[in-house]
Amino acid sequence: KLDGEPVRIGIAWVRDDAEPEAAVVRRVYPGSPAEQAGVRPGDRIYSVDDASFDTDGAFESLLHAALGTTSLVVERNGRFRTVKLDVGDLLAE
């Protein structure tokens, strides 16, 4: 069972108790801002708009509050990068 629920950026994720400061992407929804930005399953997300998190709820809150161009710090295969997503200007319901 995946811990996260799909949100506007278009991912589902799980949390790793051994690495609480990251969310592990398990699914990227076709056509979503995450897919368009190149986020892939297996990527680890460490921050949203320069804000870190240490719980699933905190991560989800950051995603729901994101507006316009949102940046994620993502690690893939030991390399960190910042990806930019256009999530629009309307708050998620």
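Just so it is clear, the structure is predicted and the values come from calculations on it, not from any experiment.
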On a heavy-atom basis, which atom in [X] and which in [Y] lie closest, and how many Å separate them?
X     : Y     : result
Ala58 : Phe53 : CB-CB, 3.9 Å
Ile11 : Val28 : CG2-CG2, 4.4 Å
Gly10 : Ala34 : O-CB, 4.2 Å
Arg44 : Ala22 : CB-CB, 4.3 Å
Leu85 : Ala37 : CG-CB, 3.9 Å

Nearest 0.5 Å, what's the [atom1]-[atom2] distance between [X] and [Y]?
X     : Y     : atom1 : atom2 : result
Leu72 : Leu63 : CG    : CG    : 7.0 Å
Leu67 : Asp86 : CG    : CG    : 11.0 Å
Ser52 : Ile45 : OG    : CD1   : 14.0 Å
Glu21 : Thr55 : CD    : OG1   : 12.5 Å
Tyr46 : Glu19 : OH    : CD    : 3.5 Å

Would you call the rings of Trp13 and Phe59 parallel, tilted or perpendicular, where under 30° means parallel and over 60° means perpendicular? perpendicular
Output yes when a side-chain donor or acceptor of [X] lies under 3.5 Å from a complementary backbone atom of [Y], and no otherwise.
X     : Y     : value
Asp49 : Ser71 : yes
Glu75 : Arg81 : no
Asp16 : Ala18 : yes

Side chains of Thr70 and Ile9: closer than 4.5 Å at any heavy-atom pair? no
CZ of Arg40: more than 12 outside heavy atoms within 6.0 angstrom? no
Shared ILVMFWY cluster between Val39 and Val73, side chains joined below 4.5 angstrom? no
